[in-house]
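All ligand and atom numbering here is 1-based and tracks the order in the structure. Note that the structure is predicted; figures quoted are calculated from it, not measured.
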Amino acid sequence: ATPAEEKDLVIIGGGVAGYVAAIKAGQEGLKVACIEKRGSLGGTCLNVGCIPSKSLLENSRIYHQIQHDVKNRGIDVGDVKLNLTQMMKAKDTSVSGLTKGIEFLFKKNNVEYIKGAGRFEDQNTVAVDLTDGGNSVVRGKNILIATGSEATPFPGLEIDEKKVVTSNGAIALTEVPKKMIVIGGGIIGLEMGSVWSRLGSEVTVVEFLGAIGGPGMDAEIAKSIQKTLAKQGMKFMLNTKVTNGDASGEGVKIDVEAAKGGKAQTLDADVVLCAIGRRPYTQGLGLDKIGLETDSKGRIVIDSEYRTKIPHIRVIGDCTFGPMLAHKAEEEAVAAVEYLTKSYGHVNYNAIPAVMYTHPEVAWVGQNEQELKEEGVKYKVGSFPFTANSRAKTNLDTEGMVKFLADAETDRILGVHIIGPNAGEMIAEGTLALEYGASTEDVGRTSHAHPTLSEAFKEAAMSTYAKAIHY
Ligand code: FAD
Ligand code: NAD
């Protein structure tokens, strides 16, 4: 083999974490290579996660709305038919446009894109099994691991991505299942459950805990979105565990019982979506070869500057600590490269927003009420319902509210929780407020355009230190 050129930075994984780090490194003038084995850039998020799921969420929402909510708006339509093939094509077009866009950005920023699977030979050398056959070797002064995550399998239920699916299969079904069971009422379960419910499936969500929404969601908001999704037709079995599954027949049979033990029953479905969380993916990477450890959850252990115990090897994104979110991975990517080139970086883990793209959307940033109670923090609450917001009223879309949690003494914002139309865009203002250490009064005394949904944000803030005007 020819001696490999040494790069300043070799990145393993071209997902959001890896590709953003590659572009940033290119911008900083580093010689950088990014190894990706999937055949396209963008990782889980662009290929099988954030992007395809949001395409299906938007188009299924429009389909559902045309069926159920246009007559009252003065729009009479004829027969509405679903063309699932076209809906999937629209999704694929969004995905391929974006993944190809990253290839272009790589070229623009002088990033070498190596197509293949990387594995450690030694602390500075990565061997690559090239996608087009053969292999090669790339050496790096620094190496960044950004290999992401995969769906956690449900023990005893074999995934075939047709009848028993993870989100990978749930974004690519070729027909609408009559009955769908979702194991896990977290973000994936509720987003993908919403898609298929809107397209006509009878969806039942089985959740082990007493609340839906997964970790982080405020309990009051979780109850509220559950009620709304139930009104839209989704069924929920909380405090329920799946004990067994059988996909050997025509459909799938799922045995469930009360989480604390109790009467068992068997549910039938055409498709079962397994959405019980994701786990770091480091398979085949050869971590053991260089003596790197993972914790009990499979996360590669790092310090506060993303360094492993081998200081020139760093780790970011889903394969290490923190929430498994694309924008978190992106922040870490920029910070990790800055640590390398400038010796400082910055990610505020207390101000990473989370959004669930159901309708209405749920979004939050900072702490929720359960957490504040647990920590014994004295806090005050303010809220404002969209039923009292003029724009929500004109949009005939008034479900939900904005809720502020602020320090009882100083009024500093500790958390913002929104359920409502466009909550995912609105939370950006909450995140900025939190990042700048704002008080609810800072927000309440800031002019917000009329008529906009964001006035509900302002009035919720006003209601925390004084009173809202319109409620
Ligand atoms: P990944 O995106 O998983 O990328 C890792 C990449 O590394 C992969 O492409 C993989 O092929 C490659 N790789 C692994 N090992 C090797 C190797 N040895 N050699 C070469 N390449 C390798 N987050 C949000 O913030 N918003 C959302 O709306 C959202 N929606 C989601 C919807 C779904 C259905 C799913 C599953 C996830 C969603 N997420 C969302 C989470 C988001 O996708 C992840 O947090 C994000 O992709 C993490 O980025 P990453 O780069 O760390 O990992
Ligand atoms: P999750 O952790 O959000 O939710 C998993 C749910 O499954 C939890 O409520 C858990 O209590 C439940 N569960 C676990 N084991 C169970 C069992 N045996 N029976 C019944 N219920 C069980 O995980 P997810 O929904 O799979 O999502 C994975 C990751 O992807 C998350 O970290 C999420 O942040 C990310 N993601 C984000 C978005 C977004 O930002 N909009 C969208 C999709 C995925």
Side-chain angles (χ1 to χ4, degrees), residues 11-21 34-54 56-57 99 114-120 126 128-129 131 145-152 154-155 157 166-168 170-171 182-193 205-217 222 237-243 254 256 259 273-286 315-320 322-330 332-333 352-358 361-363 424:
I11 301 171
I12 310 176
V16 176
Y19 92 69
V20 172
C34 181
I35 308 165
E36 170 56 58
K37 67 175 183 174
R38 132 188 345 257
S40 73
L41 294 168
T44 303
C45 179
L46 271 68
N47 291 282
V48 290
C50 328
I51 298 304
S53 63
K54 264 81 262 180
L56 292 175
L57 276 156
T99 54
I114 303 175
K115 294 179 190 162
R119 66 191 145 77
F120 282 101
V126 182
V128 187
D129 297 322
T131 309
I145 304 174
T147 48
S149 64
E150 62 178 353
T152 307
F154 190 87
L157 251 186
T166 65
S167 53
N168 289 351
I171 55 162
V182 177
I183 308 178
I187 307 271
I188 292 187
L190 299 178
E191 286 187 353
M192 293 317 300
V205 177
V206 182
E207 167 58 53
F208 185 77
L209 299 176
I212 60 169
M217 193 180 288
M237 297 177 78
L238 302 188
N239 299 306
T240 305
K241 68 177 172 202
V242 173
T243 52
I254 296 290
V256 298
L273 165 59
C274 187
I276 58 168
R278 292 178 65 81
R279 62 182 185 191
Y281 178 82
T282 53
Q283 220 174 294
L285 198 53
V315 190
I316 55 169
D318 278 12
C319 61
T320 187
M324 290 186 174
L325 294 171
H327 44 282
K328 173 265 192 187
E330 215 169 319
E332 290 183 340
I352 307 263
V355 182
M356 180 168 85
Y357 299 83
T358 47
E361 293 178 348
V362 175

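Of the protein's heavy atoms, F208 N, 3.2 Å lies nearest to atom 21 (N) of ligand 2. For atom 21 (N) of ligand 1, the closest heavy atom belonging to the protein is K37 N, 3.4 Å. Among all non-hydrogen protein atoms, the one lying nearest atom 23 (N) of ligand 1 is A326 N, 3.4 Å. Looking at atom 23 (O) of ligand 2, its nearest protein heavy atom turns out to be G277 CA, 3.3 Å. Here the heavy atom of the protein found nearest to atom 30 (O) of ligand 2 is R278 CD, 3.7 Å. If you check which protein heavy atom lies closest to atom 16 (C) of ligand 1, you get T147 CG2, 3.7 Å. The protein heavy atom nearest to atom 28 (O) of ligand 1 is K54 NZ, 2.7 Å. Nearest protein heavy-atom neighbour of atom 5 (C) of ligand 2: A275 O, 3.5 Å. For atom 17 (C) of ligand 2, the closest non-hydrogen atom on the protein side is I276 CG2, 3.9 Å. Among protein heavy atoms, the minimum distance from atom 38 (C) of ligand 2 is reached at I187 CG2, 3.4 Å. Ranking the protein heavy atoms by distance from atom 35 (C) of ligand 2 puts M324 O, 3.4 Å first. For atom 46 (C) of ligand 1, the nearest protein heavy atom (residue, atom name, distance) is D318 OD2, 3.9 Å.
A donor-acceptor contact shorter than 3.5 Å is absent between the side chain of T147 and the backbone of T282. Distance alone, capped at 3.5 Å, places no donor-acceptor pair between the E332 side chain and the I316 backbone.
Polar contact with ligand 1: absent for I316 (N/O pair, distance under 3.5 Å). Taking only nitrogen or oxygen atoms, main chain and side chain alike, R278 does not reach within less than 3.5 Å of ligand 1. Considering backbone and side-chain N/O of E36, one or more are found under 3.5 Å from N/O of ligand 1. Residue-to-ligand polar distances place E207 within reach of ligand 2: an N/O pair is separated by less than 3.5 Å. The shortest N or O to N or O distance between S53 and ligand 1 is not under 3.5 Å.
Residues E36 and K115 are not paired through a salt bridge, judged by the lack of any N-O separation under 4.0 Å between the basic side chain and the carboxylate. Between R119 and D129 there is a salt bridge, since at least one side-chain N of the basic residue sits less than 4.0 Å from a carboxylate O of the acidic one.
By the 4.0 Å heavy-atom criterion, K241 is excluded from the residues contacting ligand 2. Within the structure, ligand 2 has P215 among the residues with a heavy atom less than 4.0 angstrom away.
Which parts of ligand 1 touch G317 is read off a 4.0 Å heavy-atom cut-off, strictly below it: atoms 52 (O). Close approach to M324 involves these atoms of ligand 1, each under 4.0 Å from a residue heavy atom: 41 (C), 45 (O). Heavy-atom contacts of S149 reach the following atoms of ligand 1: 3 (O) (cutoff under 4.0 Å). For ligand 1, the atoms closer than 4.0 angstrom to any heavy atom of C45 are 2 (O), 43 (O), 47 (O). Close approach of ligand 1 to H327 is summarised as follows: ligand atoms under 4.0 Å from at least one heavy atom of the residue are 25 (O).
Checking S40 against N47 by side-chain atom types alone, a donor-acceptor pair falls below 3.5 Å.
Counting only non-hydrogen atoms, the option in C50, G49, A117 that gets closest to atom 42 (C) of ligand 1 is C50. Within the set V182, L325, L57, I188, the minimum heavy-atom distance to atom 27 (O) of ligand 2 is found for I188. Taking only non-hydrogen atoms, the option from S167, G148, G424 nearest to atom 53 (O) of ligand 1 is G148.
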